[in-house]
Amino acid sequence: MTPQVDRVKQILIDTGTLLEGHFLLTSGRHSGAYVEKFRIIQHPDHTQGLCSMLAGAARELRVQVVAGPTTGGIILAFEVARQMGARAIFAEKSGERRVFRRSLRLSPGERVLVVDDILTTGGSLRLVLDEVARWGAQAVGVGVLVDRSETAPDFGVPLFSCLRLPISSYEAGECPLCGEGLPLVKP
């Protein structure tokens with residue numbers, strides 16, 4: 001690991017963001033590790049530093065707007081945009097979609113960086129990317145604090161992460177942690 005990756009991982013451990021055990025995920029799958037995203041976001045200094053990594057990685061993309069999904073993505077979009085001198089907006093759930101509300105708008109052709117806290121499947125990010133496209137704006141990149149996906153999804157634009165940390169998950173009937181008798185925790 002590089003010193004920067006080691007530092008990010010240590011911050012996640014020190015703040016209780018990266019947890020080890022036996023976890024029941026929202027999907028119903030089981031995992032031996034869990035990233036509790038709100039534990040890092042409650043620390044402004046760490047959040048500012050991680051957002052600085054994303055802003056630096058995306059600097060060449062000439063970003064005009066940074067967009068994120070509610071809830072954690074709001075804070076990250078704001079901070080990355082602040083550091084890049086861009087505008088920040090967020091997309092809220094509306095049925096099966098994410099939409100810009102509250103007079104938040106994009107203009108056709110605006111260059112948009114989409115950010116979120118944790119990447120697992122990419123579902124929330126894809127919904128925000130769909131909303132960006134619906135407005136006729138141009139998604140130019142995706143940035144996340146932690147990419148925990150086993151196989152990073154292809155969003156059709158560059159993907160930046162502060163830490164790539166693939167975490168395996170298992171169907172309940174195939175979970176080796178169940179076989180070891182470890183207690184299952186729902187975060």
Side-chain angles (χ1 to χ4, degrees), residues 1-59 61 63 66-84 88 90-91 113-129 141-155 157-170 175-178 180 182-187:
M1 282 196 220
T2 67
Q4 182 170 308
V5 168
D6 286 340
R7 185 174 55 83
V8 171
K9 190 170 183 180
Q10 193 60 53
I11 288 169
L12 298 180
I13 291 168
D14 291 347
T15 58
T17 302
L18 180 58
L19 305 171
E20 293 184 4
H22 183 196
F23 301 98
L24 176 62
L25 305 177
T26 305
S27 65
R29 295 176 65 85
H30 294 198
S31 180
Y34 186 76
V35 182
E36 181 50 78
K37 58 191 175 188
F38 292 109
R39 289 195 177 171
I40 190 67
I41 293 173
Q42 70 180 340
H43 297 279
D45 289 347
H46 292 315
T47 301
Q48 180 182 13
L50 294 171
C51 288
S52 177
M53 291 174 67
L54 295 177
R59 187 86 47 213
L61 300 177
V63 171
V66 181
T70 53
T71 299
I74 295 173
I75 295 166
L76 302 176
F78 175 85
E79 181 58 23
V80 171
R82 186 188 70 77
Q83 292 187 28
M84 296 186 85
F90 58 91
L113 174 67
V114 176
V115 299
D116 202 4
D117 36 39
I118 310 300
L119 168 59
T120 302
T121 64
S124 292
L125 289 162
R126 285 190 196 287
L127 293 174
V128 177
L129 289 165
V142 170
V144 296
L145 297 185
V146 179
D147 175 0
R148 64 156 280 156
S149 64
E150 292 185 63
T151 305
D154 180 3
F155 295 110
V157 294
L159 170 63
F160 309 104
S161 65
C162 297
L163 178 64
R164 171 110 173 91
L165 186 67
I167 299 175
S168 297
S169 65
Y170 314 94
C175 177
L177 304 168
C178 289
E180 294 174 23
L182 291 174
L184 183 63
V185 175
K186 182 177 181 182

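- For the residue pair Leu54 and Phe160, the shortest heavy atom distance occurs at CD2-O, 4.0 Å.
- You'll find the side chain of Cys162 stays beyond 4.5 Å of the side chain of Gln4, heavy atoms only.
- Between Asp116 and Val128, every side-chain heavy-atom pair lies at or beyond the 4.5 Å cut-off.
- Put simply, CZ on Phe38 and CG on Asp117 are 6.0 Å apart, with the number rounded to the nearest 0.5 Å.
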Exercise. Take Val157 and Leu61 through the side chain to side chain contact (heavy atoms under 4.5 Å, CB included) test and state the conclusion after the steps.
Key: CA-CA 11 Å; Val157 294; Leu61 300 177; over 6 Å; no
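- To the nearest 0.5 Å, atom OG of residue Ser149 and atom CD1 of residue Ile118 are 11.0 Å apart.
- Interatomic distance, Phe155 CZ to Leu129 CG, rounded to the nearest 0.5 Å: 6.5 Å.
- With Ser31 contributing its side chain and Ser168 its backbone, the two residues share a donor-acceptor pair below 3.5 Å.
- With Leu119 as reference, Asp147 is the one residue of Val142, Asp147, Leu165 to meet the side chain to side chain contact (heavy atoms under 4.5 Å, CB included) rule.
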Which side-chain N or O atoms in residues 10-22 pair as donor and acceptor under 3.5 Å with protein atoms at least two apart or in another chain?
unit_1 : atom_1 : unit_2 : atom_2 : d
Gln10  : NE2    : Asp14  : OD1    : 2.8
Thr15  : OG1    : Ile11  : O      : 2.9
Thr15  : OG1    : Leu12  : O      : 3.4
Thr15  : OG1    : Thr17  : OG1    : 2.7
Thr17  : OG1    : Ile40  : N      : 3.2
His22  : ND1    : Leu182 : O      : 2.8
His22  : NE2    : His30  : ND1    : 3.1

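- Between Thr47 and Ile41, the shortest heavy-atom contact is OG1-CA, 3.4 Å.
- Checked by atom type and distance alone, the side chain of Arg148 never pairs as donor or acceptor with a backbone atom of Leu163 at under 3.5 Å.
- Using a distance-only test at 3.5 Å, with no hydrogens or angles considered, no donor-acceptor pair links the side chain of Ser52 to the main chain of Gln48.
- A side chain to side chain contact (heavy atoms under 4.5 Å, CB included) with Val80 is found for one member of Val66, Val63, Ile75 and no other, namely Val66.
- The minimum heavy-atom distance linking Ser169 with Leu25 is given by the pair CB-CD1, 3.9 Å.
- Closest of all the heavy-atom pairs between Pro187 and Phe23 is CG-CD2, 3.9 Å.
- Here the closest heavy-atom approach between residue Cys51 and residue Leu76 is recorded as SG-CD2, 3.7 Å.
- Taken from CZ in Arg59 to CD in Gln83, the straight-line distance is 7.5 Å, to the nearest 0.5 Å.
- The backbone N or O of Leu50 sits nowhere less than 3.5 Å from a side-chain atom of Glu79 that would complete a donor-acceptor pair.
- Between Ala88 and Phe78 the shortest heavy-atom distance is CB-CA, 3.7 Å.
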